[in-house]
Amino acid sequence: MSVSRSLAGIITAWLAVVGCIHGVILEVKEANSTCIKANLSALFSISYNTTNSTNTVQVSLPNSTTVDERRSSCGDNGGSPSLVMVFGPGHALGLSFSTNGSLYSVANLTLQYNLSDTSVFPNASGSGVVTVVSDSVGIQAAMNSTYRCMSHTTIALDNATATFYNMRLEAYMPGNDLSPKESVCTADSTSPTASPTTTTAAPAPTPPRQPEQGNYSLTNNGSVCLLALMGLQLNITYLPQSQDKAVQELLNLDPNVTHSSGSCGANRTTLVLTQESTIMLSFYFTLNSTAKMYHLSGITLQANLINMTAPFFASNMSLGYLRSTLGHSYMCKAEQTLAVDPTFSINTFDLKVQPFGVTEGQFAAAEECLMDQDQMLIPIIVGAILAGLVLITLIAYLIGKKRSHAGYQSI
Ligand SMILES: *[C@@H]1O[C@H](CO)[C@@H](O)[C@H](O)[C@H]1NC(C)=O
Ligand SMILES: *[C@@H]1O[C@H](CO)[C@@H](O)[C@H](O)[C@H]1NC(C)=O
Ligand SMILES: *[C@@H]1O[C@H](CO)[C@@H](O)[C@H](O)[C@H]1NC(C)=O
Ligand SMILES: *[C@@H]1O[C@H](CO)[C@@H](O)[C@H](O)[C@H]1NC(C)=O
Ligand SMILES: *[C@@H]1O[C@H](CO)[C@@H](O)[C@H](O)[C@H]1NC(C)=O
Ligand SMILES: *[C@@H]1O[C@H](CO)[C@@H](O)[C@H](O)[C@H]1NC(C)=O
Ligand SMILES: *[C@@H]1O[C@H](CO)[C@@H](O)[C@H](O)[C@H]1NC(C)=O
Ligand SMILES: *[C@@H]1O[C@H](CO)[C@@H](O)[C@H](O)[C@H]1NC(C)=O
Ligand SMILES: *[C@@H]1O[C@H](CO)[C@@H](O)[C@H](O)[C@H]1NC(C)=O
Ligand SMILES: *[C@@H]1O[C@H](CO)[C@@H](O)[C@H](O)[C@H]1NC(C)=O
Ligand SMILES: *[C@@H]1O[C@H](CO)[C@@H](O)[C@H](O)[C@H]1NC(C)=O
Ligand SMILES: *[C@@H]1O[C@H](CO)[C@@H](O)[C@H](O)[C@H]1NC(C)=O
């Protein structure tokens, strides 16, 4: 046990070192004084159209990322301070800051990606630079302190997500170095595994039991826009470090340590579930507003389990699950399997979701899956058969009684 412990320690330490090497350090200066400094790792998941389907790619912020000095600023001439990072041919990530005197926050995040870069976006049907913006980023810290978040934080954008980890950043800096005082993000302070030296997963247990039902929701402009109750079991097939044969792992999401984020749009709602820093599962719901129908159209998974040779990634953006009518929720108490690709599927238990048209934070009347309807049919059929038997017995008894009565009379 001590050997495996120390081995796990070495692997964790090694991964932490690699993580540090992979993080990039960027700063914005004006007149020799630094106003924004960031040390972070980021991973983007971007969906784009090809001629005949939709692809999703993973892009990580490379070490060669630099600051675009022309577009970055300390905000000394009236604008807001911003850090614009550029990488590859025409890709960029921008963070704009604002403050109210006691707190500073990321007012918005801008991601630009160049579909003409065929090495990243093979067979893209579009071309040129696409810009997507999110203004609900949730990065906030006290003035004169460094924002610290080692855990994965995911921000949903149109057709993309941005995930940050191993992040330390500060804006409106009083000196040229990150302030020693830290504002730690909630994910770090609630997750015991997310300390600076243990950014990678503890070995995941394989519980065969039914997963606990999680209760997830999203808000938009202060009101609830997505409700989801569900137990989720991930079925992942991957190549472990120690063997050259693929193994299959069943992993239950633990709602107690799963964080939900995402965004609600008019026709697209994205729910991102992050379990500690090891699992990031995204659900993309699409509304067809002419047909007034919605469905689960895409699922992506990023997982980084300790015994995986490389981070696991699976995605399918052309799914047709959980179909329901706008104004209703979708319910399936029975176990349902959502196949994503040959290496990944999800078993859902006790599921109830409503990704569109939520009013007053309540589920609307549910449309139930066929399996539940079938299960409801069983007691009805059994009941009908029993009622039939009782009726037949009764009729037989009455006929028998009448006959014997008649027989008695004829004597
Ligand atoms: C910035 O620092 C350099 C070297 O310390 C100095 O020569 C230069 O005058 C400074 N510039 C400003 C605008 O303070
Ligand atoms: C792909 O094409 C469809 C139909 O033209 C469009 O609705 C969708 O937004 C496109 N997706 C992306 C990622 O550009
Ligand atoms: C899309 O088209 C390409 C080339 O035309 C083809 O190789 C690929 O199999 C097609 N994919 C699907 C999902 O139809
Ligand atoms: C987008 O990528 C293409 C191909 O690499 C390149 O020619 C073009 O200059 C890039 N666009 C921008 C704005 O950098
Ligand atoms: C800044 O915003 C925070 C949170 O919204 C609030 O608690 C604080 O009082 C505000 N400070 C000032 C100086 O307005
Ligand atoms: C931040 O530090 C600067 C310089 O040390 C100081 O002038 C300022 O009042 C501090 N601000 C806050 C909100 O503590
Ligand atoms: C981002 O926020 C800054 C500061 O509030 C603002 O000046 C800028 O216009 C915003 N950009 C976008 C694209 O919303
Ligand atoms: C957000 O809420 C405010 C106040 O309730 C409202 O004025 C505004 O139009 C809303 N914005 C959106 C995009 O719904
Ligand atoms: C997990 O996936 C594999 C491969 O698709 C399948 O054979 C197996 O039955 C699945 N297990 C469960 C419990 O869903
Ligand atoms: C989650 O928390 C609840 C209440 O605190 C507890 O009853 C339950 O056992 C926990 N579940 C797991 C998987 O730890
Ligand atoms: C929406 O539904 C209508 C009617 O069922 C269908 O004709 C149309 O193609 C659908 N739109 C999309 C974007 O799937
Ligand atoms: C994605 O899902 C669709 C519908 O379930 C399926 O036909 C397709 O094969 C899946 N794609 C991959 C890459 O597995």
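Order of listing sets the numbers, starting from 1, for every ligand and every atom in it.
For atom 2 (O) of ligand 5, the nearest protein heavy atom lies closer than 4.0 Å. The presence of a protein heavy atom under 4.0 Å from atom 14 (O) of ligand 5 is confirmed. Note that atom 9 (O) of ligand 5 has no protein non-hydrogen atoms nearby, at separations under 4.0 angstrom.
Which parts of ligand 12 touch Asp341 is read off a 4.0 Å heavy-atom cut-off, strictly below it: atoms 14 (O). Of all atoms in ligand 12, numbered sequentially from 1 with element shown, those under 4.0 Å from a heavy atom of Pro342 are 14 (O). Against a heavy-atom cut-off of under 4.0 Å, Ser318 is close to the following atoms of ligand 12: 2 (O), 3 (C), 4 (C).
Remark: minimum distance from atom 11 (N) of ligand 5 to any protein heavy atom is reached at Ser102 OG, 2.9 Å. Of the protein's non-hydrogen atoms, the one nearest atom 4 (C) of ligand 7 is Ser80 OG, 3.3 Å. The single protein non-hydrogen atom nearest to atom 7 (O) of ligand 5 is Leu103 CD1, 4.9 Å, given as residue, atom name and distance.
Phe44 and Phe87 have parallel rings, their planes meeting at less than 30° on a 0 to 90° scale where 60° marks the start of perpendicular.
Of the heavy atoms in Val340, only backbone atoms (N, CA, C, O) come closer than 4.0 Å to ligand 12. When heavy-atom distances to ligand 12 are checked against a 4.0 Å cut-off, Asn316 comes that close only through its side chain, counted from C-beta outward.
In terms of modelled atom types and a separation under 3.5 Å, the side chain of Asn108 and the main chain of Val133 share no donor-acceptor contact.
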